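Beneath this line is the structure, given in structure tokens, with notes to follow.
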Amino acid sequence: EFSNGLEHLYLHLSIVKKDISYNRVEQINSLVKKITDGISEDENKAQFQKNLHNLFAYSLEKSHGCIIVVQEADKDIDEFFKNGIFFEKPIDLYDEYLNYLKDCSPSNDKVQRHYSITGILSVAINIDGIVMIDSKARLLAYNVFIDNDKTSVDTSVVSGGARKRATHS
């Protein structure tokens with residue numbers, strides 16, 4: 001993105017001839033919907049989705065590139081995703097949000113914890129590798145790389161970094 005204060009110009013370089021126009025807001029909304037599909041409808045879900053949307057919009061704006069995998073909740077993770085930093089107990093973003101809502105006083109530890117948890121997600125997005133979140137909004141892992149020995153796709157012919165190899169896997 002280039003800006004002279006009056007106009008914004010976007011430059012995209014790719015060796016693939018393809019129309020890359022898309023609606024960023026719709027794409028983030030689609031991601032948030034997938035991440036929250038497993039959460040039961042209640043009076044807090046819609047606001048949580050808006051907050052999550054804002055967090056992703058901000059974090060992805062600052063990111064140098066990111067792949068986010070949404071895993072179906074309570075399903076085993078595929079073998080080729082085992083190379084990364086997995087939380088012993090996944091961070092339940094929705095549960096943390098509900099705890100935050102119970103007491104929003106600025107001096108409360110729950111508020112600080114909420115900001116810390118959302119900060120972890122934001123930082124994970126900026127670290128190389130894949131970020132894994134399940135469909136109940138639980139942060140499972142970050143810095144995940146596809147184990148080429150476990151895939152049936154030959155990525156040895158792909159030149160580039162981990163994101164490019166992961167995309168071709």
Side-chain angles (χ1 to χ4, degrees), residues 1 8 10 12 14 18-78 80-104 106 108-146 161-169:
E1 178 180 341
H8 289 281
Y10 297 91
H12 175 80
S14 175
K18 184 177 180 181
D19 179 13
I20 60 156
S21 61
Y22 66 94
N23 183 319
R24 181 178 164 84
V25 171
E26 286 178 13
Q27 294 296 315
I28 294 173
N29 282 339
S30 176
L31 174 63
V32 168
K33 183 177 177 345
K34 288 184 185 319
I35 289 172
T36 59
D37 271 349
I39 297 173
S40 300
E41 292 295 329
D42 66 17
E43 66 273 7
N44 298 309
K45 184 176 177 179
Q47 187 59 48
F48 173 71
Q49 288 173 317
K50 286 179 188 175
N51 289 350
L52 201 56
H53 178 278
N54 292 339
L55 176 67
F56 276 115
Y58 175 79
S59 298
L60 293 171
E61 179 86 16
K62 305 296 179 202
S63 173
H64 61 274
C66 176
I67 295 176
I68 298 172
V69 169
V70 181
Q71 172 79 23
E72 190 174 338
D74 305 319
K75 293 260 182 164
D76 290 337
I77 295 173
D78 289 324
F80 57 82
F81 286 124
K82 296 293 183 177
N83 182 9
I85 299 171
F86 286 80
F87 294 102
E88 190 173 310
K89 180 181 178 206
I91 297 174
D92 190 326
L93 300 171
Y94 189 60
D95 190 48
E96 292 295 337
Y97 176 73
L98 294 177
N99 286 334
Y100 164 74
L101 290 180
K102 288 178 186 174
D103 186 0
C104 290
N108 190 287
D109 289 342
K110 290 180 185 176
V111 174
Q112 296 303 318
R113 181 174 168 86
H114 173 72
Y115 286 122
S116 296
I117 296 297
T118 56
I120 289 171
L121 177 57
S122 188
V123 167
I125 287 171
N126 282 298
I127 293 176
D128 284 343
I130 298 166
V131 175
M132 296 188 73
I133 304 172
D134 76 7
S135 59
K136 289 186 178 178
R138 294 180 295 204
L139 181 57
L140 306 173
Y142 66 98
N143 195 229
V144 176
F145 292 89
I146 291 177
R163 286 185 294 272
K164 192 165 189 178
R165 287 192 314 273
T167 303
H168 283 82
S169 293

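Bear in mind that the values here come from a model prediction, so they are computed numbers and not experimental data.
- Classified by interplanar angle (parallel below 30°, tilted 30° to 60°, perpendicular above 60°), the ring pair Tyr97/Tyr100 is tilted.
- With rounding to the nearest 0.5 Å, the separation of CG in Asn126 from SG in Cys66 is 8.0 Å.
- Listed by chain and residue number, Ile91, Ile120, Leu139, Tyr142 satisfy the side-chain contact (heavy atoms from CB on, under 4.5 Å) test with Phe87 (two or more places apart in sequence, or in another chain).
- Atoms OG and CZ, on Ser122 and Phe56 in that order, are 9.5 Å from each other to the nearest 0.5 Å.
- Asp134 has its side chain out of reach of Lys75: every pair of non-hydrogen atoms, C-beta onward, lies at least 4.5 Å apart.
- For the atom pair CZ (Arg138) and NZ (Lys89), the distance works out to 10.0 Å, reported to the nearest 0.5 Å.
- In the displayed structure, Asp76 atom CG is contacted under 6.0 Å by at most 12 heavy atoms of other residues, nucleotides or ligands.
- Across every non-hydrogen atom of Met132 and Gln71, the tightest pair is CE-OE1, 4.0 Å.
- Put simply, the residue from Val32, Val25, Leu31 that forms a side-chain contact (heavy atoms from CB on, under 4.5 Å) with Asn29 is Val25.
- Put simply, the residue from Thr36, Asn54, Asn44 that forms a side-chain hydrogen bond (donor to acceptor under 3.5 Å, both in side chains) with Gln49 is Thr36.
- Evaluation of the salt bridge (Lys or Arg N to Asp or Glu O under 4.0 Å) rule for Lys45 yields Glu41 as partners, not counting sequence neighbours.
- Nearest heavy atom pair, residue Asn143 against residue Asp128, reads ND2-O, 2.8 Å.
- Considering CG of Leu60 and CD1 of Ile125, their distance stands at 5.0 Å, rounded to 0.5 Å.
- At least one side-chain heavy atom of Leu121 sits under 4.5 Å from a side-chain heavy atom of Ile133.
- Nearest heavy atoms, Ala57 versus Ile28: CA-CD1, 3.6 Å.
- For Gln47, the side chain to side chain donor-acceptor pair (under 3.5 Å) partners at least two apart in sequence or on another chain are Asn51.
- Rounding to the nearest 0.5 Å gives a distance of 8.0 Å between CG of Leu98 and CG of Asp92.
- Counting heavy atoms from C-beta on, the side chains of Asp95 and Lys136 never come closer than 4.5 Å.
- Annotation: side chain of Phe145 is not in contact with side chain of Ile130 (no heavy-atom distance under 4.5 Å).
- Between the Ser135 side chain and the Ala73 main chain, a donor and an acceptor come within less than 3.5 Å of each other.
- The minimum heavy-atom distance between Leu93 and Phe48, with the atom names listed, is O-CE1, 3.6 Å.
- Annotation: side chain of Tyr94 is not in contact with side chain of Leu52 (no heavy-atom distance under 4.5 Å).
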